[in-house]
**Q** 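Have a look at this one before I ask anything.
Note that this is a predicted model, so its numbers are computed, not measured. Proteins get letters first, then strands, A, B, ... in listed order; numbering begins at 1 in each.
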Protein chains: 2
Amino acid sequence: MVDPDSSTPIYRQVAAILAEQIRTGALPAGRVVPSETRLQQEYGIARHTARKAIAVLRESGLVHTVMGKGTYAGPAPE
Amino acid sequence: MVDPDSSTPIYRQVAAILAEQIRTGALPAGRVVPSETRLQQEYGIARHTARKAIAVLRESGLVHTVMGKGTYAGPAPE
DNA sequence: TCTCATTTGTTCGTATGTATC
DNA sequence: AGATACATACGAACAAATGAG
């Protein structure tokens with residue numbers, strides 16, 4: 001899963017995992033991406049780190065986030 | 001704004017800018033001082049550096065900080 | 001309308017590692 | 001050796017939006 005001793009930062013590793021799931025269709029567009037708390041538990045990381053991972057995906061346009069609801073796979077609808 | 005090549009440290013330069021804004025009233029007492037993240041973006045500095053700038057102001061009694069909320073101009077209320 | 005849980009947003013506190021001057 | 005600066009990471013607290021009931 002995630003290697004804390006890797007030279008690549010944890011948040012980038014998590015981002016890569018999620019990006020792969022989106023790419024393969026395991027996480028189809030419109031589907032909810034695991035919440036920050038969920039990622040926290042799943043990978044044993046801090047919420048801060050989970051947020052950074054999602055921020056990377058958002059900046060890549062792979063996901064979009066709705067405050068109070070969650071983060072969804074795919075770009076934001078107009 | 002900020003000169004990285006100056007002999008005076010960046011965090012002191014930022015602290016001086018904010019202190020000036022408080023002195024002139026551009027940043028009235030009670031008003032929220034730009035957050036660490038805000039300063040980070042605004043001046044293109046690291047969070048650590050932004051924190052040091054605010055720490056300087058706090059030690060000078062020019063601002064007070066409330067954990068989880070923010071930093072405010074003026075001394076801490078009892 | 002009100003309350004509660006969930007989730008994201010924002011902010012400060014702290015620590016470690018690296019690099020530069 | 002020390003000060004400065006950046007990146008990463010974990011913790012903690014509070015705010016705001018959302019939806020269920």
**Q** Please determine if a side-chain N or O atom of A:K52 lies less than 4.0 Å away from the OP1 or OP2 oxygen of D:dA9.
**A**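 No, outside the criterion.
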**Q** What is the separation between atom CD1 on A:I45 and atom P on D:dG11, rounded to the nearest whole Å?
**A** 11 Å
**Q** If I take atom CG in residue B:D3 and atom P in nucleotide D:dT4, what distance separates them, rounded to the nearest angstrom?
**A**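 Roughly 16 Å, once rounded to whole Å.
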**Q** Any chance you could list the contact pattern along nucleotides 14-21 of chain C? Use B for base contacts, S for sugar-phosphate-only contacts and - for none, protein heavy atoms under 4.0 Å, 5' to 3'.
**A** B-------
**Q** For B:R12 and D:dT4, give me the distance from atom CZ to atom C1', rounded to whole Å.
**A**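 Between C1' of D:dT4 and CZ of B:R12: 11 Å.
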**Q** Return the value, rounded to whole Å, for the distance between atom CD1 of A:I10 and atom P of D:dA7.
**A** 17 Å
**Q** Return the NE2 to CD distance between B:H48 and B:E36, rounded to the nearest 0.5 Å.
**A** 10.5 Å
**Q** Taking the axis from the first five pairs and the axis from the last five, what angle separates them in the helix from C:dC2-D:dG21 to C:dC21-D:dG2, rounded to 10 degrees?
**A**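 Here the helix ends are tilted 10° relative to one another.
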**Q** So, OP1 or OP2 of D:dA9: does either fall under 4.0 Å of a side-chain N or O from A:Y11?
**A** no
**Q** If I take atom CE in residue A:M67 and atom C1' in nucleotide D:dG19, what distance separates them, rounded to the nearest angstrom?
**A**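 Going from A:M67 (CE) to D:dG19 (C1'), I get 14 Å.
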**Q** Are the side chain of B:Q40 and the backbone N or O of B:A50 linked by a donor-acceptor pair below 3.5 Å?
**A** no
**Q** Membership question, hydrophobic clusters at under 4.5 Å side-chain separation (ILVMFWY): are B:V56 and B:L39 in the same one?
**A** no
**Q** Nearest 0.5 angstrom please: A:R12 CZ to A:S7 OG, how far?
**A** 11.5 Å
**Q** Roughly how many Å is it from CZ in B:R58 to P in C:dT11, rounded to a whole number?
**A**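 In whole Å, C:dT11 P and B:R58 CZ are 15 Å from each other.
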**Q** Do A:L57 and A:T71 pass the side chain to side chain contact (heavy atoms under 4.5 Å, CB included) test, and can you show the C-alpha distance, the side-chain angles, and the key distance before you say yes or no?
**A** CA-CA 10 Å; A:L57 299 176; A:T71 298; over 6 Å; no
**Q** Applying a 4.0 Å non-hydrogen cut-off, can you work out what A:I54 is touching in the nucleic acid: base, sugar-phosphate, or nothing?
**A** nothing
**Q** Using a cut-off of strictly less than 4.0 Å, decide whether B:S35 has a side-chain nitrogen or oxygen near OP1 or OP2 of C:dT11.
**A**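 B:S35 to C:dT11 OP1/OP2: side-chain N or O found under 4.0 Å.
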**Q** If I take atom CD in residue B:Q13 and atom P in nucleotide D:dT4, what distance separates them, rounded to the nearest angstrom?
**A**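 Between P of D:dT4 and CD of B:Q13: 12 Å.
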**Q** Quickly work out the A:R38 CZ to C:dT7 P distance and round it to whole Å.
**A**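 Computing the A:R38:CZ to C:dT7:P distance gives 9 Å.
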**Q** Looking for any heavy atom pair under 4.0 Å, which part of the strands does B:T37 touch: base, sugar-phosphate only, or nothing?
**A**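 Here B:T37 touches no strand at all.
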**Q** Please report the closest heavy-atom contact between A:T8 and A:Q13, naming both atoms and the distance.
**A** O-NE2, 2.9 Å
**Q** To the nearest 0.5 Å, what is the distance between NZ on A:K52 and CD on A:E59?
**A** 8.5 Å
**Q** When you measure from the side-chain N and O atoms of A:T49 to the phosphate of D:dC10, is any distance below 4.0 Å, counting only OP1 and OP2?
**A**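 Yes, such a contact exists.
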**Q** Taking B:Y43 as the fixed residue, which of B:I17, B:I10, B:T49 is the one that meets the side-chain contact (heavy atoms from CB on, under 4.5 Å) rule?
**A**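 So the option named by the test is B:I17.
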**Q** For the CG atom of B:L18 and the CG atom of B:L62, what is their distance to the nearest 0.5 Å?
**A** 9.5 Å
**Q** Toward the 5' end of DNA chain D, which comes first, A:G68 or B:G44, by nearest nucleotide?
**A** B:G44
**Q** Tell me whether the OP1 or OP2 atom of D:dG19 has a side-chain N or O from A:K69 closer than 4.0 Å.
**A** yes
